[in-house]
Structure formats: C-alpha cells, structure tokens
**Student:** 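Dropping a structure here in structure tokens format, bear with me for questions.
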Number of protein chains: 2
Amino acid sequence: MSITIYDVAKAAGVSMATVSRVLNGTAVVKEETKKKVLDAIQMLGYRPNAVARGLASKKTKTIGIIVPDVSAPFVAEMVRGMEDIATMYQYQIILSNSDGQPEREIDLIGTMWEKQVDGMLFMGNHLTGDLLKTFEQAQIPVVLCATVDPEGRIPSVNINNEQAAYDATRFLIEKGCKHIVLLSGATDHPVVGKPRQKGYRKALKQEGYQAHIVECPTLRYEDGLETLKGILRDNQIPDGIVAVSDELGVAAIHACLDAGLSVPGQVKAIAFDNTRLASMVRPELTTISQPIYDMGAVAMRFMTKLIHDEPVEEFSFLLPHDLTVRSST
Amino acid sequence: MSITIYDVAKAAGVSMATVSRVLNGTAVVKEETKKKVLDAIQMLGYRPNAVARGLASKKTKTIGIIVPDVSAPFVAEMVRGMEDIATMYQYQIILSNSDGQPEREIDLIGTMWEKQVDGMLFMGNHLTGDLLKTFEQAQIPVVLCATVDPEGRIPSVNINNEQAAYDATRFLIEKGCKHIVLLSGATDHPVVGKPRQKGYRKALKQEGYQAHIVECPTLRYEDGLETLKGILRDNQIPDGIVAVSDELGVAAIHACLDAGLSVPGQVKAIAFDNTRLASMVRPELTTISQPIYDMGAVAMRFMTKLIHDEPVEEFSFLLPHDLTVRSST
DNA sequence: CTGAAAGCGCTTACAG
DNA sequence: CTGAAAGCGCTTACAG
C-alpha cells in the first residue's frame with residue numbers, strides 16, 4: 001500500500017483538508033501547523049497521487065500534443081520547445097504521432113480527451129470539418145503550431161510563409177538568378193504549398209520571370225533527389241532553386257553536384273527551416289531560418305494563458321523569420 | 001457538465017456496473033443488454049473519463065519516457081519506436097527531457113510517479129545510486145533504452161557496443177588503414193565511451209597498431225569539427241577515423257575535405273548509428289547501423305510484458321547491429 | 001485558521 | 001447475467 005494524504009494527516013495530527021492546503025497553498029495555514037505537516041510528509045516520503053487530484057480538481061496538469069511524426073527533426077525541435085515551457089509551468093505532455101492521417105488525428109484527440117488533458121497542441125496538415133468538430137466537442141483549448149487554419153478559427157503559431165518565400169526568391173533574384181525553380185510541397189498544403197507558392201510567384205512576377213513549380217510528394221531528402229534528377233534530366237537546368245525544406249535543399253545541392261553542376265557557381269540553392277542539417281553539408285545551405293523551437297515554446301506559453309484564463313491580445317501569432325546566408329548561394 | 005457513466009446507465013436502463021462491463025469486456029453481458037448500452041453510449045456521445053478509471057483501477061495506461069533530449073535525431077527516432085508500440089497496446093506516453101542532468105532525472109521520475117504511470121522507459125548516461133533508489137521507491141517496472149546498467153540490475157535494450165566498435169575498426173584495417181583515430185565520447189560513458197574504446201583497442205591490438213583515442217565533449221557535429229581540426233592541425237594525420245556518432249562522422253569527413261585531404265582516398269571514415277544524416281552527405285557515410293527505432297520498440301514491447309506479468313525469458317537485450325557500407329570508406 | 005463531509009467518475013468484489 | 005455499494009485518493013465548498 002502506498003502512502004496517502006490520510007496517512008500524512010494522521011501523522012501530523014491534522015485533517016486531510018489541512019494537508020491539502022499546505023500542499024497546494026490554496027489557503028493560509030498557521031506556520032506551526034504547516035511545519036508539522038511538512039515534517040510528516042518528509043518522514044513518510046509522501047507523494048500526492050496526481051490522478052486522484054485530477055479527478056477531484058478536474059485539472060490534470062497535462063497537455064496533449066499531436067504531431068505528424070516526432071522523428072522528423074523539425075517536429076522534434078518544436079516539441080522540445082513545447083516541453084521546456086510545459087515544464088516551466090509544471091505541466092507534463094502526452095505526445096502522439098498521427099502520420100498526418102485524418103482518422104488517426106481524430107482518434108488521438110478522442111483518447112486525449114478521455115485522459116482529460118487540460119489543453120491540446122496540434123500540428124497537422126489540413127483542418128477538416130471532422131477535426132474541427134472533434135476539437136469543439138472536447139471543449140478544451142487548442143493551439144495550432146506550424147499549422148494554419150485558413151479561416152482563423154483556432155489560435156495558431158506560424159511564420160509568414162508567403163513573405164518568407166518571397167524573401168527567399170527575391171534573394172536569388174538579387175544574386176542574378178533568372179530561372180528559378182520552386183521545389184514545393186503539395187500545392188493545396190496550407191503551409192508548405194499555397195502560401196509559399198504565392199510568395200515565390202510574387203517575386204518572379206515583379207521581374208517578369210517565368211515560374212516553374214515542382215511538387216515533391218514529401219519534403220524528404222530522397223524524394224527531393226528523385227524529383228531534382230527528373231528536372232535536370234529533362235535539361236531544364238535552372239540557375240536557382242528554392243526548396244521548401246532543408247532536406248529538399250540538400251537534395252538540390254547534391255543533385256546538382258552529381259550532375260556536374262557547381263553550387264553556387266552554376267546553380268544557387270536556398271531552402272527553408274534552418275535545421276541543424278543546413279550547416280552539415282558542403283557547400284553549407286543558405287536557408288530561411290524558422291524559429292522552430294520558439295514556435296513550440298510560444299504555442300505552449302499561449303496554451304498556459306488560455307488554461308489560466310489570462311487575457312490574450314493576439315490570436316494568430318506570426319513569428320519573425322530570417323535569412324541565414326551560407327555558401328550555397 | 002459532461003456525460004458520465006451514470007447518464008449512460010440511466011439512458012440504457014441498467015446499472016453503472018453493467019455499463020462498465022460492456023465498456024471493458026470484463027464480464028459476459030447478455031447480447032441484448034449490451035446493445036442497449038452501446039446504443040445509449042452512441043446516442044449520448046459518451047467517452048469514459050480515463051482519470052476516474054485510473055483512480056479506481058490503479059492503472060493509467062500511460063508510460064513515462066525520460067530521455068536526454070528529443071530534439072536529437074537518434075532520440076527522436078527511438079521515441080517514435082516506443083510510441084508506435086505503445087499505441088499498439090493502447091498505452092499513451094508522457095515524455096520528458098532531462099538534458100542528462102541527474103537531479104532533473106530524479107525529479108522527473110518523481111513527477112511521473114505522482115502521475116501513476118504504469119511503467120517507465122529511461123535513456124540516460126550514468127545510473128547513479130540516487131537514481132536507482134528512486135526507481136526502486138516508485139515500485140513500477142523500468143526498462144533502459146540505449147543505456148546500460150553495468151551491473152545488470154535493470155532490464156535494458158542495447159546493441160553490443162564493444163563488438164560494434166571492433167567491427168568498425170576491423171573494417172578500416174581490412175581497407176588498409178594503419179593509423180586509426182577513435183573519435184570517442186567521454187571515456188567513462190557506459191555506452192559511447194568505455195565499451196567502444198575497448199572494441200577499438202582490441203581490433204588494433206590484434207595488428208599491433210597504435211591506439212589514438214580522442215574524447216569529444218559531445219557527439220555533435222560542431223564539437224567534432226573542432227576536435228578534428230585540432231588533430232589535423234597537429235599534423236597527426238590519420239588514414240582512418242572511427243567516430244561514435246554520425247554527426248561526428250560527418251564532421252570527420254568535412255574536416256578532412258576542408259584540410260585538402262580526400263575521403264576516402266587519403267582518409268577513410270566510419271561512424272555509428274546510421275541516422276538519416278549518413279546518406280545526406282557527400283561522400284555518403286559508412287556507418288554501424290543501429291536499429292534505433294527497433295530499440296525503442298523492443299523496449300516498449302518488453303515494458304508491456306512486464307506490466308502484464310507475462311513470462312519473460314531475457315532481461316538484457318542486445319539487438320543486432322550491422323555495417324552499412326557507403327562511399328566514405 | 002481548521003475540520004467534517006460530500007463529491008469527482010469510475011471499478012470491483014460481493015450477492016443474488 | 002446484473003445490481004447495490006464501497007472505495008480509489010484527492011479537492012472544495014460549507015461551517016465554525
């Protein structure tokens with residue numbers, strides 16, 4: 001049998017309510033009584049049962065996090081940011097991977113709901129109607145991270161993707177590139193698709209250059225390599241490449257080098273994210289630096305505000321991005 | 001107010017106990033009654049409160065995971081393996097980062113204990129006495145992952161690090177290398193230190209070659225680069241490098257290239273882990289492939305066995321490693 | 001400042 | 001096959 005609040009109360013010669021009060025600091029307790037309680041706790045090695053507390057107080061001090069895949073570096077770093085802030089506010093996290101599958105996402109929301117999480121952080125692709133409905137049913141605060149709700153119904157933390165893509169493209173233009181390919185994610189993707197294509201197009205249009213958008217099935221290196229090889233094989237050799245992830249950017253560099261093209265001499269490459277990978281290639285990758293860790297941290301901080309009913313000014317956060325220039329451009 | 005089991009019971013015209021039984025399948029329920037209950041659940045959109053269930057049943061269906069840092073690719077992939085198996089067995093995970101700090105590790109164990117996790121998966125460095133004592137107090141199953149207990153008191157999942165280091169070194173020797181440097185972790189580290197140094201030494205000794213071990217403060221790229229530059233600057237140019245992580249391996253390649261040495265022409269490099277990074281460099285990195293995902297999966301699978309008191313044969317798992325040959329050797 | 005008691009939403013012997 | 005009731009270990013009005 002483990003030690004309960006009852007044992008502590010008995011040992012200290014007070015009521016359970018009093019023990020609870022010193023534990024939670026929910027009311028003033030005479031200094032002397034407090035000391036007796038603390039001593040008893042110490043002596044017995046008592047640890048409060050958070051599950052019982054959760055049932056009684058209807059607050060579990062845990063936040064659910066749903067992401068497509070923790071093993072992706074971008075996601076892992078974001079989760080780290082979330083976790084650090086959660087710890088700071090004495091919350092723990094329940095983490096689940098959805099692989100971006102809508103049914104799984106809904107499933108996970110349900111399970112977390114059953115676990116009575118105090119809030120949920122969500123990273124995904126499209127916000128389907130079913131998803132929104134499930135969030136609504138769960139009746140707990142939700143914050144999106146690196147995920148946009150085109151209709152702004154749910155608070156979210158992102159960068160300005162359109163502007164970032166514009167900046168990246170513009171940078172290549174200023175370096176003298178005229179035939180710039182965009183290695184894009186799925187066109188209908190609300191983060192790595194549409195808005196970045198828009199920013200890219202805008203920059204080209206200003207110069208009257210032709211757009212050349214290629215969708216990659218995923219943002220992973222292997223797919224990037226494949227896609228790029230296809231482009232180079234068709235002899236549509238660009239002089240600039242904007243890739244929507246560092247992995248695609250590295251793939252771009254390698255595909256060019258493998259084809260005998262010099263980087264940044266003949267082809268310049270710029271990417272998105274500034275994960276650690278960007279500096280682990282030669283030439284090192286110029287990239288739009290996203291504050292990935294901060295995005296997770298801000299999302300979690302915002303969550304704590306929502307949970308504690310603190311006043312909030314903003315609703316959709318757009319964190320600043322930056323251009324980290326290295327030797328691939 | 002949310003819907004409780006009481007509401008369902010009333011709607012179905014049965015007792016709470018019966019609802020509980022159909023929910024958990026803990027006893028046979030007449031087909032007709034069952035249907036009534038299921039209909040009521042459906043109609044009301046009832047979801048059982050897992051916290052209340054946890055309090056009553058003393059099982060929370062959650063596993064605590066403590067790792068140094070999820071944002072490290074090795075760790076992230078391992079965690080993914082854990083999570084997938086947990087999902088398979090209907091468990092959820094609480095994830096925390098310790099940054100390898102002993103006090104923090106002990107703290108986290110305490111918090112997870114309060115949360116009544118059914119078991120804990122632990123990845124860390126040294127198993128201090130305090131740590132072991134805390135595990136013991138918590139009275140729940142613990143499994144180590146990519147972490148060794150030199151005295152075998154706690155079940156664990158690893159590869160045979162000594163053998164792996166031997167294999168890597170031997171491979172370079174067979175490729176003709178005579179001056180092989182080991183880019184090692186801290187010498188007293190029970191995973192990336194001692195055992196790998198031992199395997200390395202053994203392989204060299206067989207040939208009568210001289211050992212040259214250099215400790216890196218961390219296993220990260222930046223430190224590897226720094227360390228390697230020091231070695232090359234001292235004009236102690238090796239013809240082979242064994243690095244204990246892929247990041248160090250990539251650093252080795254780049255340091256050599258930057259110093260005008262050809263890889264694998266003048267210097268051959270081999271590393272550990274086979275994370276995705278290994279194939280994202282040129283030349284691609286030859287590396288000891290660790291079944292990272294599987295290590296996490298096996299550890300979690302073993303945990304489910306411990307929790308359910310299934311008979312277990314083994315205690316310390318040594319998963320097979322492999323040598324993935326690429327172009328850096 | 002402190003205590004007695006109800007209640008959080010389940011599970012689980014115990015009866016029948 | 002099903003129900004009534006105790007109990008899991010806390011918190012929280014309510015009294016005093």
Side-chain angles (χ1 to χ4, degrees), chain A residues 1-38 40-41 44-62 90 111 113-118 138-140, chain B residues 1-38 40-41 44-62 90 111 113-118 138-140:
Chain A
M1 268 319 299
S2 49
I3 298 134
T4 71
I5 198 172
Y6 175 77
D7 301 317
V8 177
K10 212 166 67 178
V14 300
S15 73
M16 286 162 47
T18 300
V19 178
S20 174
R21 287 187 192 106
V22 345
L23 236 32
N24 300 302
T26 44
V28 192
V29 176
K30 213 203 301 176
E31 207 44 58
E32 192 188 325
T33 318
K34 195 177 197 171
K35 185 172 165 9
K36 279 195 299 187
V37 172
L38 258 19
I41 289 175
L44 296 171
Y46 168 70
R47 309 221 59 145
N49 180 325
V51 174
R53 173 180 286 174
L55 182 59
S57 70
K58 294 178 164 297
K59 296 198 173 333
T60 56
K61 287 257 152 196
T62 102
Q90 323 249 51
T111 319
W113 178 14
E114 290 185 357
K115 292 241 168 168
Q116 315 297 122
V117 296
D118 294 336
Q139 306 244 39
I140 51 171
Chain B
M1 269 316 299
S2 50
I3 298 134
T4 71
I5 198 172
Y6 174 76
D7 301 317
V8 176
K10 211 166 69 175
V14 301
S15 73
M16 285 161 49
T18 299
V19 177
S20 175
R21 285 185 193 108
V22 344
L23 236 31
N24 300 301
T26 44
V28 192
V29 177
K30 212 204 300 175
E31 206 46 56
E32 192 189 324
T33 319
K34 194 177 196 170
K35 183 169 167 10
K36 279 195 299 189
V37 172
L38 259 18
I41 289 175
L44 297 170
Y46 168 69
R47 307 220 62 146
N49 180 324
V51 174
R53 172 181 284 172
L55 181 59
S57 70
K58 295 176 164 298
K59 294 194 172 339
T60 55
K61 287 258 152 193
T62 101
Q90 323 249 52
T111 318
W113 178 13
E114 290 185 355
K115 291 242 169 168
Q116 315 296 119
V117 296
D118 294 336
Q139 306 244 41
I140 50 169

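In what follows, every chain begins at residue 1, and chains take the letters A, B, ... in the order their sequences are listed.
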**Student:** What's the CD1-P distance between I5(B) and dG3(D), to the nearest Å?
**Tutor:** 12 Å
**Student:** Give V14(A) one of three labels, base, sugar-phosphate or nothing, depending on what nucleic acid heavy atoms sit under 4.0 Å from its own.
**Tutor:**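 The residue V14(A) makes sugar-phosphate contact but no base contact.
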**Student:** Rounded to the nearest 0.5 Å, how far apart are CD1 of I5(B) and CG of L44(B)?
**Tutor:**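 It comes to 12.0 Å.
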**Student:** Side chain of R21(A) only, please: which of dT11(C), dT11(D), dA13(D) is the nearest?
**Tutor:** dA13(D)
**Student:** Using a cut-off of strictly less than 4.0 Å, decide whether S20(A) has a side-chain nitrogen or oxygen near OP1 or OP2 of dT11(D).
**Tutor:**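 Answer yes for this pair, as a side-chain N or O of S20(A) is under 4.0 Å from OP1 or OP2.
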**Student:** Let's see if you can work this out: which of dG3(D), dC8(C), dC8(D) has an atom nearest to the side-chain heavy atoms of A56(A)?
**Tutor:** dC8(C)
**Student:** dG9(D) P sits how many Å from R53(B) CZ, rounded?
**Tutor:**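 Rounded to whole Å, this separation is 18 Å.
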**Student:** Between N49(B) and dC8(C), is there a side-chain N or O to OP1/OP2 distance below 4.0 Å?
**Tutor:**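 So the side chain of N49(B) is outside the cut-off, no N or O lying under 4.0 Å from OP1 or OP2 of dC8(C).
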**Student:** Using whole Å, report how far CD of Q116(A) lies from P of dC10(D).
**Tutor:** 18 Å
**Student:** DNA chain C: A17(B) or V51(B), which has the more 5' nearest nucleotide?
**Tutor:** V51(B)
**Student:** Are T4(B) and dG9(C) close enough that a side-chain N or O sits under 4.0 Å from OP1 or OP2?
**Tutor:** no
**Student:** Just compare dG3(D), dT2(C), dC8(D) and give me whichever is closest to any side-chain atom of K30(A).
**Tutor:**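 Comparing dG3(D), dT2(C), dC8(D) against the side chain of K30(A), the answer is dT2(C).
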**Student:** When you measure from the side chain of A52(B), which nucleotide among dG3(C), dC10(D), dC10(C) comes out closest?
**Tutor:** dC10(C)
**Student:** So, S57(A) side chain and R53(A) main chain: donor-acceptor pair closer than 3.5 Å or not?
**Tutor:** yes
**Student:** For dC14(D), what is the paired nucleotide under Watson-Crick or G-U wobble rules, both distances under 3.5 Å?
**Tutor:** dG3(C)
**Student:** CG of N24(A) versus P of dC10(D): gap in Å, rounded?
**Tutor:** 11 Å
**Student:** Could you grab the distance from atom OG1 of T18(A) to atom NZ of K30(A), nearest 0.5 Å is fine?
**Tutor:** 10.5 Å
**Student:** Output the rounded distance in Å from OH (Y46(B)) to P (dG9(C)).
**Tutor:**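 These atoms are roughly 10 Å apart.
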**Student:** So which one's nearest nucleotide on DNA chain D is more toward 5', M16(B) or T33(B)?
**Tutor:** T33(B)
**Student:** Looking at K58(B), I'd like to know whether one of its side-chain N or O atoms comes within less than 4.0 Å of OP1 or OP2 on dG9(D).
**Tutor:** yes
**Student:** Within the side chain of K115(A), is there an N or O that forms a donor-acceptor pair under 3.5 Å with the backbone of T60(B)?
**Tutor:** yes
**Student:** Take atom NZ of K61(A) and atom P of dT11(D), then tell me their distance rounded to the nearest Å.
**Tutor:**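 About 13 Å, once rounded to whole Å.
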**Student:** Name the residue closer to the 5' end of DNA chain D, choosing between T18(B) and S57(A) according to the nucleotide with the nearest heavy atom.
**Tutor:**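 Of the two residues, T18(B) wins.
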